[in-house]
2 protein chains.
Amino acid sequence: MSQDVEQHSTHWVGDGQSSVLEGRLGIFVRKLLSHSRLSTDDQAAIAALPFSLRSMEPNAYILSEGERASICPVILSGFAYRQKTSAEGGRQIVALKIPGDPLDFQSLYLQCADHDLQALTRVELAIFSLKDLEKLVAPRPALARAVLIDILIEASIGREWLLNIGRRNALSRLAHLLCELHCRVEQIAKKRIEAFEVPLTQEQLADLLGLTPVHINRTIKTLEETGAVQRVNRRMQLGDVRTLRKIAEFSDIYLHQNEASKG
Amino acid sequence: MSQDVEQHSTHWVGDGQSSVLEGRLGIFVRKLLSHSRLSTDDQAAIAALPFSLRSMEPNAYILSEGERASICPVILSGFAYRQKTSAEGGRQIVALKIPGDPLDFQSLYLQCADHDLQALTRVELAIFSLKDLEKLVAPRPALARAVLIDILIEASIGREWLLNIGRRNALSRLAHLLCELHCRVEQIAKKRIEAFEVPLTQEQLADLLGLTPVHINRTIKTLEETGAVQRVNRRMQLGDVRTLRKIAEFSDIYLHQNEASKG
DNA sequence: ATCGCGACTTGATCCATGTTACGATGGCGG
DNA sequence: CCGCCATCGTAACATGGATCAAGTCGCGAT
């Protein structure tokens, strides 16, 4: 498992607001801001957290089922996923994580992991220590709440996936996933995204959607005929998001974007 | 929507420990104790919470998609479920809640519900106010943690359901669900349970497992032939749990029972 | 260049599950 | 006691997606 680890004692000598969002941890702060309101003070506190950097190859295990971890990684770049396997060898991807997403607050509270956590592409992680996190959050209820909201949104996405796999056919299932990915990536990029290259292999798409690779291939072909996606040297690229949304009957409320804190 | 509401200003005049677990809210306390350690003081604090009682008929909506609720119900008796519907009318049950389960901490933090919450059987709910809960939890980190753990476990169950629906065939899918139900019911009952009557109609089972009612019927028949379940006047009853577990290749780690708090 | 290998592509065939249809059962209100 | 209506039971048929079996493409290593 190849991994470089380096220590950062990230100390911004307060050059104002912009550096917080542009610093190494800016993407994490932006992710939290996408669903929670945070004071500039809270934002700065996050950006000032010490962390170690680790980069991992595609398919490397970040955490394995049954392990007990006490780390808390956040994705700085690249993609990762959670997977489970059935006794008969079937594999199911149960969550997809993109840059800015915290990966594992769960294992800080549960004894042992109930799933694997793997790198999808090459991935750069910021790893915080449990202690630092607790010290960060304890006096800052808004931060604790933001983290909780992040967990709740992941659960909401999981429920939508259940609907997707349980009740939609292959075509809209795939279209729905692409819509979700597009939304989420646009959300952290903070700008319109036109042509977006999907980083999953067809086998991974199959494991994510509860289908077989062969059928995924055929479904992509059908989707291509509608003009919703193109394939540029064997990689799928989103084209017409409007068509995709129609095919999937996509509604984004389950992503809970722009949920300003209540009360 | 038929519902009786009555006010309880539940004040136990401290007749010791046992009353906490046997009081009206005892089942909720026991649920939390099944995965978290709580001081007797914390337990008593829960049991002393004021709440209103509401009972609902089967199929009544406890909360509808899109609504913004600020209540927090806990099931005292009966069953409930979360469901989502696709634009084409497909219905998917995405969570099943049993006595002792808190139903909706989520909507205290997210703006609007991304799914419906309905009574499965006749159900009795204890309804807490947001304010009381916040006052309860603020000075008691162990309680805050217990609630968070409850949310994380629900998410873990959701992931297992994804695997179940995405990767298992109808027979093991059904068997798996029955195993889970058995485990969870036994856990709050605090004793072995032999014959357990499944409170779901075949249509509900279908919506839960991503199948059709007709196929559920066939699958129950097959399952009956293995001796794992019987049907007593049109209701399914668990018989041989061992056989069920073998068919489902069931492992209960994802339920995270007996997770004593870390650290 | 050429080999090897992982990922993609495609066709033929199969089968688990969906669909449709209709009758039986049983609980409940009048 | 009767009739209604939701649910269950089951048979015949349809089909989406799985499985099996060959390729093909493209890239990195030799």
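Residues satisfying the salt bridge (charged side-chain N to carboxylate O under 4.0 Å, His left out) criterion with B:R245, sequence neighbours excluded, are absent altogether. Contacts of A:N59 classified as side chain to side chain donor-acceptor pair (under 3.5 Å), with partners at least two apart in sequence or in another chain: none.
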Would B:E65 and B:K84 count as a salt bridge (charged side-chain N to carboxylate O under 4.0 Å, His left out) here? Give the steps. CA-CA 8 Å; B:E65 182 170 347; B:K84 304 196 67 149; 5.7 Å; no
Using the rule given for side chain to side chain contact (heavy atoms under 4.5 Å, CB included), can you reason through A:Y254 versus A:E180, listing the C-alpha separation, both sets of side-chain angles and the distance that settles it, and then say yes or no? CA-CA 10 Å; A:Y254 75 97; A:E180 176 181 318; 2.7 Å; yes
For a quick test of your reading: what N or O donor-acceptor pairs under 3.5 Å do the side chains of residues 96-103 of chain A make, sequence neighbours left out?
| residue | atom | partner | partner atom | Å |
| --- | --- | --- | --- | --- |
| A:K97 | NZ | A:E154 | OE1 | 2.9 |
| A:D101 | OD1 | A:K31 | NZ | 2.6 |
| A:D101 | OD2 | A:I98 | N | 2.8 |
| A:D101 | OD2 | A:R184 | NH2 | 3.1 |

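Here the side chains of B:D104 and B:C72 are not in contact, with every heavy-atom distance at 4.5 Å or above. Contact of the A:H115 side chain with the B:R159 side chain is registered, since non-hydrogen atoms from C-beta on lie closer than 4.5 Å.
Here the range on DNA chain C touched by chain B, meaning any atom under 4.0 Å from one of its heavy atoms, is C:dT17 to C:dG26.
The main-chain N or O of A:R91 is never found under 3.5 Å from a side-chain atom of A:Q83 such that the two would form a donor-acceptor pair.
Of the two residues near DNA chain D, A:N233 and A:I216, the one whose nearest nucleotide lies more 5' is A:I216.
Between A:F51 and A:F128, the ring planes lie perpendicular to each other; the angle is over 60°, past the 30° to 60° tilted range.
Within the helix from C:dA1-D:dT30 to C:dG30-D:dC1, the inter-axis angle between the opening and closing five-pair segments is 40°, rounded to 10°.
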Scoring nucleotides 7-17 of chain D by protein non-hydrogen atoms under 4.0 Å (B base, S sugar-phosphate only, - none) yields BBBBBB----B
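In this model, a donor atom of one side chain and an acceptor atom of the other lie less than 3.5 Å apart for B:Q106 and B:D114.
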